[in-house]
Amino acid sequence: MFFGTHRCENSKSCAAFTNFTRVQHFFNDMEYNHRKIDQKWQSKWAQEGTYDASYNSDKPKFYVLDMFPYPSGAGLHVGHPLGYIASDIYARYKRQKGFNVLHPMGYDAFGLPAEQYAIQTGQHPEKTTEINTARYREQLDNIGFGLDWSREFKTTDPNYYKWTQWIFIQLFEAWYDHSIGKSQPISKLIAHLEARGTEGLNAECTEELVLSAEQWTSMNESQQAETLLNYRLAYRSQSNVNWCPELGTVLANDEIKDGLSERGGHPVTQKKMMQWSMRITAFADRLLEGLDHIDWSNSLKETQRNWIGKSQGASLVFDIKDHTAQIEVFTTRPDTLFGVTFVTLAPEHELVDILTTTGQLEAIKSYKAIAAARSERDRMADTKTISGCFTGAYALHPLTQKQVPIWIGDYVLASYGTGAVMAVPAHDSRDYAFAKHFDLPIQEVVSGGDINQEAFDAKSGKMINSDFLNGMEASVAKVSVIAHLENIGYGKGATQYKLRDAVFGRQRYWGEPIPIYYDHGVAKTLPLDALPLKLPEVDKYLPTLDGKPPLARAKHWEYKGHPLETTTMPGWAGSSWYFLRFMDAHNETAFASKLTTDYWKQVDVYIGGAEHATGHLLYARFWTKFLFDMNFISFDEPFKKLINQGMIQGISAFVHRINGTNTYVSAGLIEQHETQAIHVDVSLLQGNELDTSAFKNWRKEYEHATFILEDGKYLCSREVEKMSKSKFNVTNPDDIVDKYGADVLRMYEMFLGPLEQSKPWNTQGLSGVSGFQRKFWKLFHPSGIFKISEGPADKKALKAIHSCIKKVNEDMNNFSFNTSISAFMIATNELTELKTNEREALQPLVQLLAPFAPHLAEELWEKLSGEGSVTVCSFPEHEEKYLIESSKNYPVSFNGKVRFQLELPLSLTSEDIENIVRSDPRTSEQLGDKQVRKIIIVPGRIINIVMG
RNA sequence: GCCCGGGUGGCGGAAUUGGUAGACGCGCUGGAUUCAAAAUCCAGUUCCUUCGGGAGUGCGGGUUCGAUUCCCGCCCCGGGUACCA
């Protein structure tokens with residue numbers, strides 16, 4: 001030991017000695033100086049552009065991408081970088097494996113929080129976005145990511161959203177041709193209409209139109225424009241929104257709490273509004289089918305499948321007594337048609353007002369008002385409250401001509417299917433509950449259940465009470481009914497999707513302006529040279545007094561004298577194609593050149609949260625397929641492999657205030673009092689113990705707090721929650737980096753648990769990883785000074801290293817980084833014990849560790865005089881010859897319970913093993929007076945003796 | 001409600017996918033070192049136990065020589081649910 005010769009003679013000189021040792025630590029290698037080393041390598045990487053990618057390379061390409069962050073005002077907490085660390089490790093691994101790696105980063109910066117903040121403070125969202133992104137960048141840089149920052153952009157950069165707007169225009173100028181299963185330019189549709197009208201047209205549309213060529217050509221410009229909107233992929237139509245009259249704006253479900261606006265607590269109602277939408281439903285089948293060819297988790301694919309919600313059944317119509325109109329319904333159970341005892345319409349259904357009889361007018365009107373006050377989510381979730389109202393009208397059963405009452409009920413949603421259902425209470429639970437509640441008849445048509453007790457929803461059984469279907473199996477009846485309906489002209493087989501067209505317009509300021517102007521009411525797109533259409537200045541970020549969106553406040557919001565569109569694009573617009581922009585981030589003449597998109601192609605590995613399963617991930621697939629159809633890119637899925645990282649949760653701390661007092665009682669004593677739990681900042685705690693004086697200083701309201709202690713301490717109760725500033729349970733990565741270094745943060749985040757799982761953050765655990773790194777460093781500095789031996793390494797050491805290499809390689813492919821880190825710890829512990837110091841053993845370990853702890857690895861690599869940067873050295877592969885075992889310590893079980901161990905050579909056959917086990921004295925001891933009934937031997941695994 | 005995850009010591013988690021449950025780390029306990037503390041090192045640490053054992057992977061069943069792992073039925077927690085990102 002370096003300090004072994006120094007002896008402390010008396011207490012006075014000892015203080016001096018302590019100071020001396022600290023100075024010594026600083027000046028030699030004994031302690032790993034993370035501040036110095038992190039800084040050294042981070043600036044070197046930045047200087048040399050170590051992570052900048054280039055598309056012309058003879059190496060194979062590999063594209064690693066993170067779901068880019070929304071830069072919130074709170075800055076990053078330790079939960080945010082989890083996915084970035086994982087992707088960084090993988091990108092570095094791929095680089096060491098000889099790939100040309102693209103790993104960029106940017107910001108998804110449009111969105112509500114910045115707008116809300118702007119409304120509150122009057123500060124321009126651009127300004128706060130600027131501040132927030134700068135802070136994010138600083139925090140990200142601290143962690144030592146191997147990111148290509150030369151490609152950085154924000155979705156709010158006009159140079160970026162210019163191309164978001166351009167893609168919108170391409171969507172506007174396109175339609176979907178089902179006869180070839182592709183998007184097509186609108187000019188082809190116009191040519192078709194001119195030549196043949198709608199004859200032979202198989203296009204995705206809002207409403208099925210029948211037009212002759214003459215009818216089309218005789219239309220005026222605005223009629224033609226209106227007609228084309230029926231087909232365009234970006235189009236305008238009426239759709240339902242949450243309208244808050246007091247705020248004069250549309251609200252997200254997220255902004256509504258218990259039916260009232262979160263801001264101000266005003267009532268919210270459902271309202272129809274003219275809105276820009278995207279015809280994503282045209283792509284439903286391809287979005288479904290494409291899932292079979294991408295490497296995403298089954299759960300995620302399943303979520304998308306359910307969201308798309310393809311169901312097969314029949315579409316049929318009911319005549320209405322004394323009306324010419326018909327009610328169209330979609331059903332997945334046409335076999336149960338004879339069991340229809342009523343028809344239910346969504347309260348918003350367009351026929352409701354026409355059908356309602358005078359006697360029912362008042363009742364229907366007030367029910368509609370009640371239904372409008374409920375959000376769609378409430379209506380779906382609440383299956384216990386049953387409500388509805390009879391319209392007074394009757395529908396005629398298409399097969400029996402029997403009259404069935406027409407009801408409205410809020411369990412039927414206007415946005416799903418046709419907004420009307422044929423109710424078969426005997427075989428559908430929701431219909432059953434409705435029928436029971438309103439005492440409507442229930443007619444059984446499939447045998448097998450007990451309809452007095454509950455609906456029989458099973459899709460199999462024999463048909464009864466169903467005329468010509470009687471005796472058939474339900475699945476056969478289904479086919480038979482559809483054929484019959486087609487014959488009589490009352491229906492046909494149909495496929496229905498739950499997926500709805502995506503509403504694209506937002507009544508907001510902080511989004512991309514939609515590049516549309518209105519020429520005498522006709523929507524027209526801006527020419528390319530007018531892009532980007534920049535966000536205008538406004539006096540306030542609020543709607544106008546007459547309820548128009550904030551952009552309507554802008555002066556001269558017009559193009560060549562024509563008014564511009566005032567809604568903006570949703571958050572998902574910019575994030576639907578950003579992965580393409582990273583391939584060619586500074587292109588001024590195209591969203592990205594074909595050359596670069598052809599080279600980088602899909603994202604090979606995409607990492608992000610599961611909360612984007614149906615939003616972002618579906619829209620990005622949709623836009624990719626569209627751009628593929630239009631030949632702008634040559635692949636039709638954006639993300640080949642996708643990993644969902646879990647959340648890092650915070651462990652919140654609570655103090656317990658005795659109700660109505662300013663006295664706080666320690667957690668163990670709360671049962672004796674009536675208390676309220678209050679969040680307290682976790683930084684005020686040491687373990688679970690509260691620093692009461694720090695608490696008093698924390699906030700004015702606690703200045704005069706008094707405490708009831710237990711064992712002289714004030715203990716807080718703890719709870720795992722989402723990590724969030726408002727819960728005072730956040731940990732800032734900067735603090736960890738400062739105290740332990742970037743590599744410790746990186747490794748600890750990975751060590752916490754499986755990447756895909758949620759797990760709570762516990763700062764105490766850092767010392768484990770930190771200890772590992774010191775130990776690892778010490779292998780190279782056995783007596784405080786760097787030293788490496790050149791001779792051959794011990795056999796045991798080589799075995800330890802090669803099993804570590806093997807494990808890490810396996811884990812790398814499964815993204816199982818937590819187990820890699822324990823493998824590193826195990827190897828380091830063993831090598832420490834073996835006092836291993838040979839290059840043969842230690843150098844590969846540095847190469848292996850480089851993706852996880854790049855700063856430490858670079859420093860050691862330099863000391864080892866490795867060639868170039870460790871970031872491009874090869875990644876080690878294990879050699880089996882070091883791992884071969886000759887014997888196995890068998891567990892010997894009796895009836896499944898392990899009773900003793902038996903060390904045996906692995907070369908033995910089952911018979912040999914059986915003979916040895918039978919003759920072992922411990923076996924007869926275990927057997928007692930029982931007989932061996934069977935012996936199960938799995939060579940290399942276990943021995944189990946069944947006795948009895 | 002519906003859809004998708006998850007549940008293993010005091011805590012985060014591991015377990016070759018049916019074969020010794022609790023690797024690795026934290027915490028805790030004891031010891032060494034120290035005037036003392038930090039750091040470091042060593043030992044122990046699922047629970048119960050009459051020290052022979054017994055129980056044990058959310059709960060209740062089942063399949064199997066053997067189940068954390070497979071099957072059936074529940075309970076609890078997290079995410080999504082179409083204008084949060």
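Letters go in sequence order (proteins before strands), and every chain restarts at 1.
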Margin query: Can you measure Lys778(A) atom NZ to C41(B) atom P for me and round it to whole angstrom units?
Written below: 7 Å
Notebook entry, point to check: Counting only side-chain N and O atoms of Asn829(A), is one of them less than 4.0 Å from OP1 or OP2 of G25(B)?
Noted result: yes
Notebook entry, point to check: If you look at every strand shown and take non-hydrogen atoms under 4.0 Å, does Ala613(A) touch a base, only sugar-phosphate, or nothing?
Noted result: nothing
Margin query: Which nucleotide wins on minimum distance to the side chain of Ile826(A), given the candidates C24(B), C83(B), C4(B)?
Written below: C24(B)
Next item on the list: Could you tell me whether His612(A) contacts a base, only the sugar-phosphate backbone, or nothing, with contacts defined as non-hydrogen atoms closer than 4.0 Å?
Entry: base
Item checked: Nucleotide paired to A15(B) in any strand shown, Watson-Crick or G-U, under 3.5 Å -> none
Note to self: Suppose you measure atom P in C72(B) against the same atom in U29(B); what distance do you get, rounded to whole Å?
What the structure shows: 46 Å
Checklist line | Pairwise C1' distance for G31(B) and A23(B), with rounding to whole Å | finding: 25 Å
Check: What is the nucleic acid contact for Lys806(A), judged by heavy atoms within less than 4.0 Å: base, sugar-phosphate only, or nothing?
Finding: nothing
Checklist line | G52(B): pairing nucleotide in any strand, Watson-Crick or G-U under 3.5 angstrom | finding: none
Notebook entry, point to check: Base, sugar-phosphate, or nothing for Gly771(A), non-hydrogen atoms under 4.0 angstrom?
Noted result: nothing
Notebook entry, point to check: Between C84(B) atom P and Leu112(A) atom CG, what is the distance in whole Å?
Noted result: 7 Å
Checklist line | Nucleotide of C65(B), C24(B), C83(B) approaching Ile936(A) most closely (side-chain heavy atoms) | finding: C65(B)
Checklist line | For atom CE of Met825(A) and atom C1' of A14(B), their distance in whole Å | finding: 13 Å
Check: Touch check for Pro69(A), heavy atoms < 4.0 angstrom, all strands: base, sugar-phosphate only, or nothing?
Finding: nothing
Item checked: Sugar-phosphate, base or nothing in reach of Glu611(A), heavy atoms under 4.0 Å -> base
Next item on the list: Assign the ring pair Phe824(A) / Phe852(A) to parallel, tilted or perpendicular, where the plane angle (0 to 90°) is split at 30° and 60°.
Entry: perpendicular
Notebook entry, point to check: How is Arg305(A) classified with respect to the nucleic acid when contacts are heavy atoms under 4.0 Å: base, sugar-phosphate, or nothing?
Noted result: nothing
Item checked: Between U68(B) and G7(B) - C1' atom distance, rounded Å -> 11 Å
Checklist line | Non-hydrogen side-chain atoms of Leu617(A) and Tyr606(A) separated by less than 4.5 Å | finding: yes
Note to self: Taking donor-acceptor contacts at under 3.5 Å, does the side chain of Arg933(A) reach the base of C65(B)?
What the structure shows: no
Check: Under the rule syn = chi within 90° of 0, otherwise anti, which is G52(B)?
Finding: syn
Check: Say you pick atom C1' in C24(B) and the same atom in G9(B); how far apart are they, in whole Å?
Finding: 15 Å
Note to self: Under 3.5 Å, is there a donor on one side chain and an acceptor on the other for Asn242(A) and Ser375(A)?
What the structure shows: no
Notebook entry, point to check: Do Phe434(A) and Tyr432(A) make the cut of ring centroids closer than 6.0 angstrom?
Noted result: no
Check: If you take atom types as modelled and just measure distance, does the side chain of Gln901(A) reach the base of U20(B) with a donor-acceptor pair under 3.5 Å?
Finding: yes
Next item on the list: Check whether any side-chain nitrogen or oxygen of Arg506(A) sits under 4.0 Å from OP1 or OP2 of C83(B), and answer yes or no.
Entry: yes
Next item on the list: Look at all strands and tell whether Glu719(A) reaches a base, only sugar-phosphate, or nothing, counting heavy atoms closer than 4.0 Å.
Entry: nothing
Next item on the list: Taking only the side-chain heavy atoms of Pro760(A) (C-beta and beyond), determine which of G54(B), G12(B), C41(B) contains the nearest atom.
Entry: G12(B)
Next item on the list: Could you tell me whether the side chains of Trp276(A) and Glu565(A) share a donor-acceptor contact shorter than 3.5 Å?
Entry: yes
Check: Which part of the nucleic acid, if any, lies within reach of Trp307(A) when heavy atoms closer than 4.0 Å are counted: base, sugar-phosphate only, or nothing?
Finding: base
Next item on the list: State which of G13(B), G79(B), U20(B) makes the closest approach to the side chain of Val898(A).
Entry: U20(B)
Next item on the list: State which of C84(B), C3(B), U81(B) makes the closest approach to the side chain of Met380(A).
Entry: U81(B)
Note to self: In whole Å, measure the gap between the C1' atoms of U33(B) and C41(B) for me.
What the structure shows: 8 Å
Check: Which is true for Arg430(A) with a 4.0 Å heavy-atom rule: it touches a base, it touches only sugar-phosphate, or it touches nothing?
Finding: nothing
Item checked: First encountered from the 5' end of RNA chain B, between Ile942(A) and Gln649(A) -> Ile942(A)
Checklist line | Given C65(B), A14(B), G12(B), the nucleotide with the shortest approach to the side chain of Thr819(A) | finding: A14(B)
Margin query: So, OP1 or OP2 of A82(B): does either fall under 4.0 Å of a side-chain N or O from Asn253(A)?
Written below: yes
Next item on the list: Using the C1' atom on both, measure C75(B) against G30(B) and round to a whole Å.
Entry: 41 Å
Next item on the list: Identify which nucleotide among C26(B), G79(B), G13(B) has an atom closest to any side-chain atom of Asn762(A), counting heavy atoms from C-beta outward.
Entry: C26(B)
Note to self: What's Arg899(A) touching, base or sugar-phosphate or nothing? Going by heavy atoms closer than 4.0 Å.
What the structure shows: sugar-phosphate
Check: Between C26(B), C83(B), U16(B), which nucleotide has the shortest distance from any of its atoms to the side chain of Arg941(A)?
Finding: U16(B)
Margin query: Does Phe751(A) reach a base, just sugar-phosphate, or nothing at all? Heavy atoms under 4.0 Å.
Written below: base
Item checked: Candidates A15(B), A82(B), G13(B) - which lies nearest the side chain of Leu499(A) -> A82(B)
Check: Between the side-chain atoms of Asn944(A) and the base atoms of C65(B), is any donor-acceptor pair under 3.5 Å?
Finding: yes
Margin query: With nearest nucleotide decided by heavy atoms, which residue, Gly765(A) or Gly896(A), maps closer to the 5′ end of RNA chain B?
Written below: Gly765(A)
Check: Considering only side-chain heavy atoms of Pro754(A), which listed nucleotide, C84(B), A14(B), G1(B), is closest?
Finding: A14(B)
Next item on the list: Ignoring hydrogens and angles, state whether a donor on the side chain of Gln649(A) or Ser758(A) is under 3.5 Å from an acceptor on the partner side chain.
Entry: no
Notebook entry, point to check: Which base, if any, makes a Watson-Crick or G-U wobble pair with G1(B), both distances under 3.5 Å?
Noted result: U81(B)
Margin query: Work out how far the C1' atom of G56(B) is from that of C47(B), and round it to whole angstrom.
Written below: 8 Å
Item checked: Nearest-Å distance for atom pair NZ/P, residues Lys271(A) and C83(B) -> 17 Å
Checklist line | For U40(B), the Watson-Crick or wobble partner whose two distances fall under 3.5 Å | finding: A32(B)
Next item on the list: Before accepting this row, confirm whether a basic side-chain N of the pair Glu302(A)/Arg305(A) lies closer than 4.0 Å to the acidic partner's carboxylate O.
Entry: yes
Margin query: By the rule that syn is within 90° of 0, classify the base conformation of G9(B) as syn or anti.
Written below: syn
Next item on the list: Answer with yes or no after comparing the ring centroid distance for Phe772(A) and Phe751(A) against a 6.0 Å cut-off, counting only values under it.
Entry: no
Check: OP1 or OP2 of G1(B) less than 4.0 angstrom from a side-chain nitrogen or oxygen of Arg377(A), does that happen here?
Finding: no
Margin query: Check this for me: does any side-chain nitrogen of one of Glu348(A) and Arg379(A) sit under 4.0 Å from a carboxylate oxygen of the other?
Written below: yes
Next item on the list: Quickly work out the Leu617(A) CG to A85(B) C1' distance and round it to whole Å.
Entry: 12 Å
Next item on the list: Mind checking Ser893(A) for me? I need base, sugar-phosphate or nothing, with any heavy atom below 4.0 Å counting as a touch.
Entry: nothing
Notebook entry, point to check: Is Lys722(A) salt-bridged to Glu611(A), going by a charged N under 4.0 Å from an acidic O?
Noted result: no
